[in-house]
Structure formats: C-alpha cells, structure tokens
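Some notes on the structure that comes next.
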Amino acid sequence: MINKERFEQLFSQHLIKDISEEDIKIVLSGQYGKALELLRDAEATGLFPALVGPPGVGKTILCRYFASLRVKEKKNKSFYWMTLDESIKPSHFIGSFDPAITLKKGFVLEAFNPGPLLSAMLEGGTFLANEINRATEYSQNTLLEPLEEASIGIPHLGRIKADDDFFFISAMNPEELSGTHRLSEALKDRIKVWIKLTYPDKTTELDIIRINLPEYFIVEESELELIYSIIDETRRNKIDIEIPASIRAGIAIAKMLGRRRFLEKEGKLKEGQSVYEYLSEISKYVLLGSIKPKPGIRVESIIENVIHKTLGA
Ligand SMILES: Nc1ncnc2c1ncn2[C@@H]1O[C@H](COP(=O)(O)OP(=O)(O)OP(=O)(O)O)[C@@H](O)[C@H]1O
Ligand SMILES: [Mg+2]
C-alpha cells in the first residue's frame, strides 16, 4: 500500500480544486445546445430541472459543463454530484454527526460534517442528483423541502435557508428501463422543467466520437461512418435489444481502431488487416458488455447479426 507521505503528495497533486479548472470537451450541437439553453432558462426562473435519458447520452457531462459555466460566472460557487440508489440515506447528502466529537460535546454544530446537498445549499452551488428515481421513497421525501422551499431541517441544529444561487438538477434514466424505481409523485410535481436527451443525430454523435479521440489516433471519416452504422444498428433492433450501445461504445470502438491504425503506422503490427476485419473483431469485444438483450436472447447472436448487417462479415 502507498505510504502516508507519498499519499499526501500525490493527493494534492491530483486534487481538482474546482470544476472551472476541468477541461470538459463537449459538443454542443443538436440536442445538447438546446438542453443547455433550457438549463439556463430553468436557472434564470428559479425552476429546478431534470435530465431524462438512457445510459450514456450525455446527462452527466452536460451538467458538469453547465456547472463549470456557473462557477466561472459566479465565482466560488461549487458543484456537487451524487448518484443515488436504495442504500443512500438522507444523512449521506445532508450530513451527519461525528461520533467521537458528539460523545464529548453533544449534538453541536462543531460535531456536524456537512454532506454535499447541505454544502451546495449553503454555498449557492449546483447539486446534481444522479439516478434520483433509484432512491428510496424515504430519501426522495427528504428532497421535497429543498426543492419546494429551498430550505432544509438538520436534526438537533435547526433549519437553514439556501443561498439564492442554490441550484438542484436531477438526472435519471427513463422509468420504463428495468432496475429503476418510480419517482414519487410529490417529487415529480416539484421538478418543473423536463429535459429529454436521446441518442444524438449522426453528425453530433460523430463529432462526439472525434472530440473524444486522442490526437494521434487517426480514424478516417469512412471508418467513423462504419462505426456509427454499427452503433446505430443496435438502436434499431428494438425487438431483441433492451438497452442498445451508447455513445461510450462508439467512442471505445473508435479508440481501439485508432490504436490499431497507430501501431500500423509505426510498423509495430506484423500484418495489417482490412477495416472490416478490424471492426468486426473490435466490435465483438466492445459490444459484449455494451448491449443489454431482452430476456432469453443471447448477446453474442445479436452482435453477430449487427456485424453481419453492417460489415457484411
Ligand atoms: N455532448 C457531448 N460532448 C462530448 N462528449 C459527450 C457528449 N455527450 C456524451 N459524451 C460522452 O459520452 C460518454 C457518456 O456521457 P455521460 O457520462 O455524460 O452520459 P450519462 O447520460 O450521464 O450516462 P449514465 O446514464 O450512464 O450516467 C462520456 O464519455 C462523454 O464524454
Ligand atoms: Mg451519468
């Protein structure tokens, strides 16, 4: 295990001081520009928005980008995000008392460690509740007051009113996908701007793949088109596939192909293969975990079909 001194040194080297320092490579054409505009509208009118869309369509990156703009404009306004699930308790986002200090001094302010939601409320920052519909009803209920009144009660300490700039964004996968719970009606009623994201149009998705490729990985336009056709094919087959390949899968295939091309150029590959051979091999590795088939359907046979249809191999 890493020693204490080295840990402290590396930790401070790697610490992200605030989100405005992060280099977020984002494509803002198509649905993303519109979604950003809606986030802006929600912010300006004091309404809390939700981003709804299947896995990997860019909900998180859009929130991070939006939060980074806010940090730049408002200075020192923080960004916190948390992914919710059944195991999350209100104390995880509100905060909790340190047992050792509480034992000595009782339930005093000094003994309280604020959680991310309370921190965002006090600092006027942005709080992103990822997968908000996976939280238990109990946790969802704790969010009602911050959303409705911009205030929250802390056990033993009292209530606080949030800073005027506090902003709460929810993100979730559409409810019909298995594994997610329902958003309570009460919470639903308090979210007033619903921003839907889906798989982007072709031009936008290809731009996203390009922006995510390292510079030295050259993938030709015709190859990118093929990659898109593979990804898009998984989104067309709604009979066998419950969750198709996301943007992440396209990026992964492009990176793997880019590396093969790079090695070829450096003369480090024994023998080159055609793009069809490369892509049918790479797609198998990437798609295996990127597609969720409907019950009773084998993912391998879906992949074979996709490759056959798009690459003819
Ligand atoms: N508009 C975009 N510009 C640049 N990259 C994008 C864009 N949209 C998505 N991506 C890339 O696609 C990947 C998935 O995006 P992200 O993590 O934001 O999706 P998500 O909707 O939050 O997924 P999940 O539901 O799984 O949490 C990331 O690698 C991200 O960099
Ligand atoms: Mg996400």
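Start at 1 and go down the list; that is how both ligands and their atoms are numbered.
Looking only at heavy atoms of the protein, atom 25 (O) of ligand 1 is closest to Lys59 NZ, 2.8 Å. Ranking the protein heavy atoms by distance from atom 4 (C) of ligand 1 puts Lys25 O, 3.3 Å first. Ranking the protein heavy atoms by distance from atom 19 (O) of ligand 1 puts Gly58 N, 3.1 Å first.
Side chain of His92 to main chain of Lys89: a donor-acceptor pair is present (N/O by atom type, distance under 3.5 Å, no hydrogens or angles). Checking side-chain atoms of Ser139 against main-chain N and O of Ile88 turns up a donor-acceptor pair under 3.5 Å.
Interface of Asn173 with ligand 1, defined as ligand atoms under 4.0 Å from a residue heavy atom, comprises 25 (O). Per-residue contacts place Asn212 under 4.0 angstrom from the following atoms of ligand 1 (heavy atoms of the residue considered): 5 (N), 31 (O). Counting the atoms of ligand 1 from 1 in the order shown, those under 4.0 Å from a heavy atom of Ile247 are 9 (C), 12 (O).
Comment: Glu86 does not engage Arg134 in a salt bridge, judged by the lack of any side-chain N to carboxylate O separation of less than 4.0 angstrom.
Shown are Glu220, Glu266, Glu223; of these, the side chain to side chain donor-acceptor pair (under 3.5 Å) with Arg261 is made only by Glu223.
Distances from atom 28 (C) of ligand 1 to the protein include no heavy-atom value under 4.0 Å.
Contacts between Leu197 and ligand 1, counted as non-hydrogen atom pairs separated by less than 4.0 Å, are absent for every part of the residue.
For the residue pair Tyr278 / Glu264, a side-chain donor-acceptor distance below 3.5 Å is found, with atom types taken as modelled.
Within the coordination shell of the Mg ion (ligand 2), defined by N, O or S atoms under 2.8 Å, Thr60 is present.
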